[in-house]
**Q** 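This is the structure I have questions about; it appears just below.
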Protein chains: 2
Amino acid sequence: MRIGELASQAGVSVRSLRYYEEQGLLSSTRSASGQRRYTDKEVERVRFIQRLYAAGLSSRTIAEVLPCVESPSEKTSDEAFERLVQERERIDRHMRELGRAREALDLLIDANRAHRGLTACVSPV
Amino acid sequence: MRIGELASQAGVSVRSLRYYEEQGLLSSTRSASGQRRYTDKEVERVRFIQRLYAAGLSSRTIAEVLPCVESPSEKTSDEAFERLVQERERIDRHMRELGRAREALDLLIDANRAHRGLTACVSPV
DNA sequence: CTCGCGTCTGACGTCAATGTCAGGGTCCAG
DNA sequence: CTGGACCCTGACATTGACGTCAGACGCGAG
């Protein structure tokens, strides 16, 4: 498939796909005229990349751990694997931090509800 | 206290404090010579602001919900309260997304471990 | 008084992922 | 074979929360 179709199937912009390639996250074959061609499995790969971006990994970090994704069947470099574990822990910490923020907001929400109409105080959604 | 001390007590840079003031998140009284003066309670306020930043809120959003923080005792605007609830939900969604990413990384980690030295496969830390 | 550190304002630099535009080829349906 | 939709490269623009620097003033110790 061409880049436009991959973009729409994976839910990202064409610009982003070219950027991913520039960053070494995605590769493509080229047609005779120089247009990028992709196979179906690239769709999943792009979605996975997006997931890592959403988890806060940078392009460089994603590039570092990609060997572990592409060929978990062979012994990937210690650095790549170490990075993978580090990022997992970073996500863990981030989640705990978010949990604390959510807790703080919950307190605020309750405090404010108590001084508003007292509507739907403890009513579950 | 002056800005430098607030910065060190709250664990942020002087630059950040001036930025917060510029964004309407923090206020200060001024000495005769124009230097900013803060009270002790600003320390907590700055820490709280940091927590919201860490949770992914923007300056503008923080400014919107701050009325709920300062005076939960009086009926704050519907918009501010609504925003508070929205942000809580956004954090929730973000946490779930992070959870999925962590899960994906866990699968990768296991797959890679299986093809490495097979060291410490299931050993707890 | 002065030395050195803190503070002031204002402005430009940064970084990363992406938007956007220009100027030019490609491809296919009609 | 032509028009419109798609693609190419290259480059500049954007956004947000700061970093950093310049030039000037404030302040307390010695």
**Q** Which parts of nucleotides 6-23 of chain D does protein reach within less than 4.0 Å, heavy atoms only, written one letter per nucleotide 5' to 3' as B for base, S for sugar-phosphate only and - for none?
**A** SSSB-B-----BBBB---

**Q** From CD1 of A:I49 over to C1' of C:dA16, roughly how many Å is that when rounded to an integer?
**A** 16 Å

**Q** Sequence neighbours left out, what passes side chain to side chain donor-acceptor pair (under 3.5 Å) with B:S13? Give chain and number order.
**A** B:S16

**Q** Holding to salt bridge (charged side-chain N to carboxylate O under 4.0 Å, His left out), I want the full list of residues that pass it with B:R18, two or more places apart in sequence or in another chain.
**A** none

**Q** Calculate the interatomic distance between A:E21 atom CD and C:dT18 atom C1'; express it in whole Å.
**A** 16 Å

**Q** Could you give the CG-to-P distance, from A:L25 to C:dA17, as a whole number of Å?
**A** 9 Å

**Q** Can you give the donor-acceptor pairs under 3.5 Å from side chains of residues 94-103 of chain B to other protein atoms, not counting sequence neighbours?
**A**
residue : atom : partner : partner atom : Å
B:E97   : OE1  : B:R100  : NH2          : 2.9
B:R102  : NH1  : A:D92   : OD1          : 2.5

**Q** Apply side chain to side chain donor-acceptor pair (under 3.5 Å) to B:E21 and list each qualifying residue two or more places apart in sequence or on a separate chain.
**A** B:S28, B:R30, B:R36

**Q** Can you list the residues that meet the side-chain contact (heavy atoms from CB on, under 4.5 Å) rule with A:E64, with sequence neighbours excluded?
**A** A:R60, A:R83

